[in-house]
Amino acid sequence: MESRYRLRNSRDFEQMRQQGRTFSRPSLLLNVRANGLDYNRYGFVVGKRLGTAVTRNRIRRRLREAMRRLHPQLHPGYDVVIIARPPVGGAVFSSILDVLKDVLCQAKLKDSQERGAEE
RNA sequence: CAGGUUGGCCGGGUGAUCGCUCUCCUGCCUGAGCAGGGGGGAGGAAAGUCCGCCCUCCACAGGGUACGGUGCUGGCUAACGGCCAGGCGGGGUAACCCGACGGCAAGUGCCACAGAGAAGUGUAUUGCCCCAUGCGCGAGCAUGGAGCGAGGGUGAAACGGCGGUGUAAGAGACCACCGGCGCGGGCAGUGAUGUUCGCGGCCAGGCAAACCCCACCGGGAGCAAGGCCAAGCAGGCGCAUUGGGGCGACCCGUCCCACAAAAAGCGCCGGGUCGGCUGCUUGAGCUUGUAGGUAACUACAAGCCCAGAUAGAUGAUCACCCACGACAGAAGGCGGCUUACAGGCCGGCCUGGACA
RNA sequence: GCCCCAUUCGUCUAGAGGCCCAGGACGUAGCCCUCUCAAGGCUAAAACAGGGGUUCGAUUCCCCUAUGGGGCA
């Protein structure tokens, strides 16, 4: 993922906590907020509860790879923060991808494949 | 062959597609950047942060006290609490392993319970022996007195061992030998130490990871150090008969600033600062060879460049192979120690058994 | 990244080498009291984070590990 698409500023993360919309799944949390730009920015939060540095890195890489694949299908102009929860540690990549698709559809950042081009 | 012990090495591999980071070349471009191609891209512990050092700042760092650390000897090293070699002690049949391994006859303190006694001049309801009185034919018994420290007993630990002289019974009370201690000397060794001779006094308990004493070492802080740029905010108080401050515990000592108009400076309080660049990887570096050294290691020569991210780079999918993959992710760098670890490979040595 | 601190019954704590098979409070269980519950009384179970070392002897002293917590922009 290119660095211009990353969410880097700690102030941005603070504002996401206060102003962003939150969607919850057992394995992760999704924060979404409009950013006024013509592209999306992404951030990942993997806390120390998730395990050692090796497992945290693995979780973050899988999340980042999943978002890289979904990125072309998303509506632009949003900041997205994904917060990992403990069940994601043992999940395989395809199930992470499914959960992300599901929660992004609920957040109306992505068109649902089943319902066609409603939005 | 089995068991043990010890030293070293490896830590899944190959291929394809899509991606990430650094760097080089080419092209486009004012530039930021974009496109194509080439190359590099986590570990033996990157970990814990237990030590040591480089580096950076604190207005150079001197002495004493305090505090902390280390603690057999010699060497290696930039340095170390590390490593190598040796000594001593302990464990093991052995190979080998382990050791905070200076000082308790400088001082102070502690040694529960049990025990007469837990550290000097000590003790008796057990015991040994003698005397007196009483009882008894007698052996002896009871009571009282004096002597004794051998025996029994307690304890984790009890004030040398064995033999003899001596005595009423005994005792380093005395003697020979042995063990141990102190002093002085010889020999071997750089030294720790070993060995040996002489003299002494009869013997000196343990604990210093108890206070402490001795020797040596240590200025403090840490890359969020420090430097530069951008942005932003609000200023106030103190600073001469000498004052404020630094050397982060204290004293001496020393240094810096101010010496009166203002400014600047220093200190304290308050406010602001969450963005970049740098430090940032060529180094006590790696590989090979030669030489010196028992070794740790060192010297020389040749060749090589081997991560540098900054919300933090190694992932996803597929195929094949096998022993079906453990512990685990750089964040300034380096040398160690410690801890975690599926499995595999190579070598040395010891013990036991069998065979030749 | 760097620097510190703590760990004792289920919970909060005391203890600072032996005197104590680690004391107290709340909670838990049983019994008594009551028509029943509460309150009260009596009794019991229940812990030194793990490993190694020093010592005759360790919750205490030293080292390592694990877990939890705090500070520094």
Side-chain angles (χ1 to χ4, degrees):
Chain A
M1 186 158 304
E2 290 182 51
S3 58
R4 59 187 291 234
Y5 297 140
R6 290 184 202 150
L7 196 57
R8 334 172 54 149
N9 202 311
S10 68
R11 180 177 283 165
D12 294 335
F13 280 84
E14 290 284 323
Q15 290 178 352
M16 291 295 286
R17 292 179 80 88
Q18 297 164 4
Q19 304 174 14
R21 291 181 295 149
T22 304
F23 303 92
S24 170
R25 289 294 180 274
S27 58
L28 53 86
L29 290 173
L30 180 77
N31 277 0
V32 177
R33 175 174 165 269
N35 63 359
L37 302 172
D38 56 355
Y39 54 88
N40 286 349
R41 294 187 300 178
Y42 305 96
F44 302 91
V45 176
V46 184
K48 270 196 171 175
R49 302 175 56 100
L50 276 297
T52 60
V54 174
T55 54
R56 293 200 307 270
N57 278 342
R58 187 164 54 235
I59 290 165
R60 185 164 51 233
R61 285 166 186 157
R62 285 180 172 164
L63 290 175
R64 189 184 297 126
E65 171 68 16
M67 284 310 295
R68 187 183 71 84
R69 294 197 175 182
L70 296 173
H71 169 65
Q73 311 172 24
L74 301 183
H75 302 291
Y78 295 94
D79 285 347
V80 178
V81 170
I82 291 162
I83 302 169
R85 290 175 135 184
V88 84
V92 295
F93 179 75
S94 57
S95 69
I96 294 173
L97 202 60
D98 291 340
V99 171
L100 270 176
K101 281 181 190 168
D102 178 43
V103 73
L104 285 168
C105 286
Q106 188 192 351
K108 301 215 168 20
L109 276 172
K110 176 183 182 300
D111 294 334
S112 173
Q113 292 171 339
E114 287 81 10
R115 295 181 204 143
E118 181 196 319
E119 191 173 347

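Per chain, numbering begins at 1; letters A, B, ... match sequence-line order.
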Whole-angstrom distance between B:U273 and B:G253, as gauged at atom P: 47 Å
Under-4.0 Å side-chain N/O to phosphate OP1/OP2 contact, A:Arg41 with B:A311: no
Chi-angle category of B:G172 [syn within 90° of 0, anti beyond]: syn
Distance, nearest 0.5 Å, that separates NE2 of A:His75 from CG of A:Leu109: 7.0 Å
Whole-Å distance separating the CG atom of A:Leu97 from the P atom of B:U317: 10 Å
A:Arg56 CZ to B:G312 C1', straight-line distance once rounded to whole Å: 12 Å
Chi-angle category of B:A42 [syn within 90° of 0, anti beyond]: syn
Opposite nucleotide pairing with C:A14, Watson-Crick or G-U, both atom distances under 3.5 Å: none
Under 3.5 Å on both distances, the Watson-Crick or G-U partner of C:C31: C:G41
Euclidean distance for P, B:C327 against B:G347 (whole angstrom): 30 Å
A:Arg64 CZ - B:C18 C1' separation (whole Å): 16 Å
A:Glu65 CD - B:C18 C1' separation (whole Å): 8 Å
4.5 Å side-chain heavy-atom contact, A:Gln106 and A:Arg25: yes
Between P of B:A313 and OH of A:Tyr42, the distance in whole Å: 18 Å
Inter-nucleotide P distance (B:G329, B:G48), Å rounded: 7 Å
Derivation of the salt bridge (Lys or Arg N to Asp or Glu O under 4.0 Å) call for A:Arg62 and A:Glu65: CA-CA 5 Å; A:Arg62 285 180 172 164; A:Glu65 171 68 16; over 6 Å; no
Side chain A:Arg61 and base B:G329 donor-acceptor under 3.5 Å: yes
Whole-Å C1' distance, B:A157 and B:C110: 14 Å
Chi class for B:C60: syn within 90° of 0, otherwise anti: anti
Partner nucleotide of B:G253 by Watson-Crick or wobble geometry (both distances under 3.5 Å): B:C247
Separation between the P atoms of C:U54 and B:C98, rounded to whole Å: 15 Å
Whole-Å P distance, B:A330 and B:G315: 15 Å
Interatomic distance where CZ belongs to A:Arg69 and P belongs to B:A316 [whole Å]: 10 Å
Any strand: nucleotide that pairs with B:U93 via Watson-Crick or wobble, under 3.5 Å: none
Shortest non-hydrogen contact between A:Ser24 and A:Arg85, atoms and distance: OG-NH1, 3.4 Å
Paired nucleotide for B:C55 [Watson-Crick or G-U wobble; both distances under 3.5 Å]: B:G222
Touch class at under 4.0 angstrom, heavy-atom based, for A:Arg62 against every strand present: sugar-phosphate
Who pairs with B:C324 - Watson-Crick or G-U, where each distance is under 3.5 Å: none
Matching residue for A:Met67 among A:Asn40, A:Leu74, A:Leu97, A:Ile96 - test: side-chain contact (heavy atoms from CB on, under 4.5 Å): A:Leu74
A:Arg60 side-chain proximity, nearest of B:A316, B:A313, B:G329: B:A313
Syn or anti for B:A260 (syn when the glycosidic angle lies within 90° of 0): anti
Base orientation of B:G75, syn vs anti, 90° cut from 0: anti
Pairwise C1' distance for B:G11 and B:C305, with rounding to whole Å: 25 Å
Euclidean distance, atom CG of residue A:Leu100 to atom C1' of B:A316 [Å, nearest integer]: 14 Å
B:C141 - base-pair partner by Watson-Crick or wobble geometry, distances under 3.5 Å: B:G134
Watson-Crick or G-U wobble partner of B:A16, both distances under 3.5 Å: B:U317
OP1 or OP2 of B:C20 under 4.0 Å from side-chain N/O of A:Arg68: no
Straight-line distance of A:Asp102 CG to A:Lys110 NZ, nearest 0.5 Å: 10.0 Å
Of A:Ala53 and A:Gly43, the one whose closest RNA chain B nucleotide lies more 5': A:Gly43
A:Ile59 CD1 to B:A313 C1', straight-line distance once rounded to whole Å: 18 Å
